[in-house]
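Notes for the one structure printed next.
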Amino acid sequence: MTAENPTPRPTRVRIAPSPTGDPHVGTAYIGLLNYLFATQRGGEFILRIEDTDRTRFHAGSEQMIFDALKWVGLTWTEGPEVGGPHGPYRQSERTEIYRKYAQILLDNGTAYKSFESEAELEEMRRQQTAAKQPPRYNGAHRHLTPEQISAYEAEGRPAVIRLKVPENTSTTFRDELRGDITFDHNNVDDQVLMKSDGFPTYHLANVVDDHLMGITDVIRAEEWISSTPKHVLLYKAFGWQAPNFWHMPLLRNIDKSKISKRKNPVSLNYYRESGYLPEALLNFLGLMGGGMAQPTEQEIVSKGLNTKEGDIFSLAEMIEKFDFKRISLGGPVFDLVKLRWLNGEYIRKQSPEAFYASLRRTILSDDYLQAVASLVHTRLETLGQFGDMTSFLFSDNVLPTDAVFLPKKRTLEETLAFVPEQITALESADWDLTSIESALKKLGEEKQWSVKENFMLLRAIITGSATSPPLVESLVVFGKARTLDRMRRFLEAQKKIRR
RNA sequence: GUCCCCGUCGUCCAGCGGUUAGGACACCGCCCUUUCACGGCGGUAACACGGGUUCGAAUCCCGUCGGGGACGCCA
């Protein structure tokens, strides 16, 4: 049952991000790891878009993912846009393929149709949870007769296709970092493989695609361990050789929970827009998990290294020295403080020309400066006032005093409780004038905050002042990632102050 | 609740049966300096706990505890 690897195949790995929002730092992390793995073995690193969830699909997301990965310096040889021999590389364009393979499973008895509605399933899980049972599909439609199936279909009831997990056995697979892991099938659910909308779930799609695309090694985050038995079962059901599995530790927040936007800037756009150098970010990501050997004492002496230089390395050095067998399994905390130090090291090492070029590429780009200029054009009397009016757009630390941000008729408590609501509203807004404005106004109406209170609070948080260029226009210029980050930092700062 | 993974300074890593348990970030002190930053020097700080195995355990085994993840017609 253990995945053996009798015939050596050329290494092929992939990352499979989902276009549901901003490009995620975890995507860059897993992307880096896959890239290193492939490059070290002379293999291929491919990019596949997992867009099978229509409800979470976000239009601009795919392009942002491409841009962000290129920004950090990763390149792939097959993918959407690039093409390749195993396309299409967008799962939404492969639905016929999944349908065909789902039918194979139906035919060979390793999957079955299931007709419960989502509401019924929800109720089932609710009862199980209430009874302190693990929530799990109860298998009611596992053994439907052909007649019953026809009857349901005649009724026009939508069906999903589920994996028929064999009873009274277990699945063992090898994790290349951890060794054998066994799951009793009592703890493996009859996972939905095809949704009623005709799209596959991740589980089916990733197995079919990985096989068809010749993926030899699946390097993904640890959160996938518990669904790996389902994938192994699928490979078996198809009679395919399973790839090797490498589960990487999860990046963590300061409190050790899985990294999340609530507690940590997680959008790669944030890092780009607030002036992190891509080499520094990549270097930092390479530090997470400890795949790089630290220099020995002799090396430090013979090469005249500063001790801290053991933490500083380029992509090329990672390709040369990164060792997957060295990866430590404890989830690393993504520590912004150390990232900032590292970034500072990179900035200090730049030539004056390179440093200036970096500024011109980001915080002082023509695009940015022009956008900022149009914000204050009619408001200043001398050009010298430009800085006075726009400094908040060029600062990283802006903190309003109570007197500035606290609305006259609101308590501190309700104000600090309202800010997270603003954050949530802005998170789901497209970043343009009308979307931002309507998101904020809608929230204000729901929560009985006047437009004035609502907007002045936000103005204070973002600009540090009660006077500023037009708020929403300023937010558009400042950018979504930085705006949200500033709001979260405001809350953090308040928490510290009040403690 | 069930299953799975993990457990060395606050954080990131080193250690892989015998070390005064090492480095980096952060923090503290001193030096450099018109200020700040950089830089230099020094310091505080960890093997979760309990049993084994062994002449000897941070290192191997078991248990406890702790942390995390998964349990979706999300990925």
Side-chain angles (χ1 to χ4, degrees), chain A residues 16-21 24 26-27 49-57 91 114-122 125 128-137 158-162 170 175 177-179 181-189 191-206 220-230 247 249-259 284 286-297 300 305-312 326-342 344-345 347-348:
Chain A
S18 212
T20 54
H24 198 276
T27 303
I49 294 291
E50 310 238 335
D51 54 353
T52 54
D53 185 351
R54 301 168 317 163
T55 59
R56 294 204 312 156
F57 180 79
Q91 290 186 330
S114 172
F115 294 87
E116 289 92 347
S117 70
E118 290 191 62
E120 288 171 323
L121 293 172
E122 210 170 294
R125 275 190 287 268
Q128 289 167 329
T129 310
K132 306 217 171 198
Q133 299 295 313
R136 221 155 96 60
Y137 178 62
V160 299
I161 297 174
R162 285 182 182 274
S170 63
D175 177 284
L177 261 19
R178 283 162 257 257
I181 299 176
T182 299
F183 282 84
D184 192 296
H185 285 188
N186 290 325
N187 299 311
V188 181
D189 213 349
Q191 184 65 48
V192 170
L193 302 175
M194 286 293 268
K195 308 179 224 180
S196 57
D197 65 1
F199 281 84
T201 59
Y202 169 87
H203 306 281
L204 206 224
N206 109 86
R220 70 202 340 176
E222 192 179 10
E223 56 188 333
W224 292 108
I225 288 179
S226 48
S227 39
T228 303
K230 295 167 190 172
H247 290 101
L250 239 24
L251 261 23
R252 308 295 183 93
N253 298 313
I254 319 60
D255 64 4
K256 297 275 189 182
S257 57
K258 170 167 119 172
I259 196 167
F284 184 67
L287 240 25
M288 303 279 89
M292 286 292 279
Q294 292 201 325
T296 61
E297 279 180 50
I300 291 171
L305 295 178
N306 189 307
T307 46
K308 75 188 176 192
E309 287 177 49
D311 280 347
I312 302 177
R326 286 184 64 89
I327 287 176
S328 53
L329 269 9
V333 171
F334 190 93
D335 182 4
L336 275 174
V337 175
K338 184 153 184 177
L339 205 210
R340 259 185 242 119
W341 164 78
L342 227 203
E345 286 289 316
I347 287 177
R348 271 173 241 120

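Each chain gets a letter, A, B and so on, in the order the sequences are listed, and its residues count up from 1.
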Inset, instruction - Rounded to whole angstrom, note down the C1' distance from B:rA14 over to B:rC9. - result: 13 Å
Legend entry - Rounded distance (Å) that lies between atom C1' of B:rC73 and atom CG of A:Asp51: 16 Å
Legend entry - A:Arg348/A:Glu345 ion pair, N-O < 4.0 Å: yes
Inset, instruction - Give one of base, sugar-phosphate or nothing for A:Lys132, where a contact means two heavy atoms less than 4.0 Å apart. - result: sugar-phosphate
Legend entry - Pair A:Glu222 + A:Arg178, salt bridge at N-O below 4.0 Å: yes
Legend entry - Given B:rC12, B:rC73, B:rA24, the nucleotide with the shortest approach to the side chain of A:Trp341: B:rA24
Legend entry - Proximity to the side chain of A:Glu223 - top-ranked nucleotide from B:rC74, B:rG72, B:rG69: B:rG69
Legend entry - A:Thr201 side-chain N/O to B:rC74 phosphate OP1/OP2 under 4.0 Å: no
Inset, instruction - Could you state the atom-to-atom distance from CD1 of A:Ile225 to P of B:rC3 in whole Å? - result: 16 Å
Inset, instruction - Would you classify A:Gly289 as touching base, sugar-phosphate or nothing, given that sugar-phosphate means primed atoms plus P, OP1 and OP2, and contacts are heavy atoms under 4.0 Å? - result: sugar-phosphate
Legend entry - Nearest listed nucleotide, side chain of A:Asp189, among B:rC71, B:rG1, B:rC13: B:rC71
Inset, instruction - Calculate the interatomic distance between A:His203 atom NE2 and B:rA70 atom C1'; express it in whole Å. - result: 10 Å
Inset, instruction - Please tell me which of the listed nucleotides, B:rA75, B:rC73, B:rA24, lies nearest to the side chain of A:Arg125? - result: B:rC73
Inset, instruction - Please state whether the phosphate of B:rC6, meaning OP1 or OP2, lies under 4.0 angstrom from any side-chain nitrogen or oxygen of A:Arg178. - result: no
Inset, instruction - Find which nucleotide of RNA chain B each of A:Tyr137 and A:Arg252 is nearest to by heavy atoms, and output the residue with the more 5' nucleotide. - result: A:Arg252
Inset, instruction - Can you tell me the distance, in whole Å, between the NZ atom of A:Lys308 and the C1' atom of B:rC41? - result: 14 Å
Inset, instruction - Return the value, rounded to whole Å, for the distance between atom CD of A:Gln191 and atom C1' of B:rA70. - result: 11 Å
Inset, instruction - Could you check whether A:Met194 gets within reach of a base, just the sugar-phosphate, or nothing at all, counting any heavy atom under 4.0 Å? - result: nothing
Inset, instruction - Between B:rA75, B:rC25, B:rC3, spot the one nearest the side chain of A:Phe183, thanks. - result: B:rC3
Inset, instruction - Determine the Euclidean distance between corresponding P atoms of B:rA26 and B:rG39; express it in Å to zero decimal places. - result: 9 Å
Legend entry - Donor-acceptor pair under 3.5 Å, A:Ser226 side chain vs B:rC3 base: no
Legend entry - Side-chain-base donor-acceptor pair under 3.5 Å for A:Lys338 and B:rA26: no
Inset, instruction - Go through B:rC73, B:rG1, B:rA75 for me and flag the one nearest to the A:Pro134 side chain. - result: B:rG1
Inset, instruction - State, without any angle test, whether A:Tyr202 and A:Ser227 hold a side-chain donor-acceptor pair at a distance under 3.5 Å. - result: no
Inset, instruction - Could you please name the partner base of B:rG7, counting Watson-Crick and G-U wobble pairs only when both distances are under 3.5 Å? - result: B:rC65
Legend entry - Integer angstrom distance from the P of B:rC6 to that of B:rG10: 22 Å
Inset, instruction - Would you mind classifying the nucleic acid contact of A:Pro135 as base, sugar-phosphate or nothing, using non-hydrogen atoms under 4.0 angstrom? - result: base
Legend entry - Selection from B:rA75, B:rC4, B:rC12 that lies nearest to any side-chain heavy atom of A:Val333: B:rC12
Inset, instruction - By nearest nucleotide on RNA chain B, pick out whichever of A:Lys256 and A:Ser114 is the more 5' one. - result: A:Lys256
Legend entry - From B:rC73, B:rC3, B:rC12, nucleotide with atom closest to A:Asn187 side chain: B:rC3
Inset, instruction - May I have the distance from A:Leu177 (atom CG) to B:rC5 (atom C1'), rounded to whole angstrom? - result: 12 Å
Inset, instruction - Using atom NZ of A:Lys258 as one end and atom P of B:rA70 as the other, report the distance to the nearest whole Å. - result: 4 Å
Inset, instruction - Describe the nucleic acid contact of A:Ser257 in one word from base, sugar-phosphate, nothing, applying a heavy-atom distance below 4.0 Å. - result: sugar-phosphate
Legend entry - Spacing of A:Arg348 atom CZ relative to B:rC36 atom P, expressed in whole Å: 16 Å
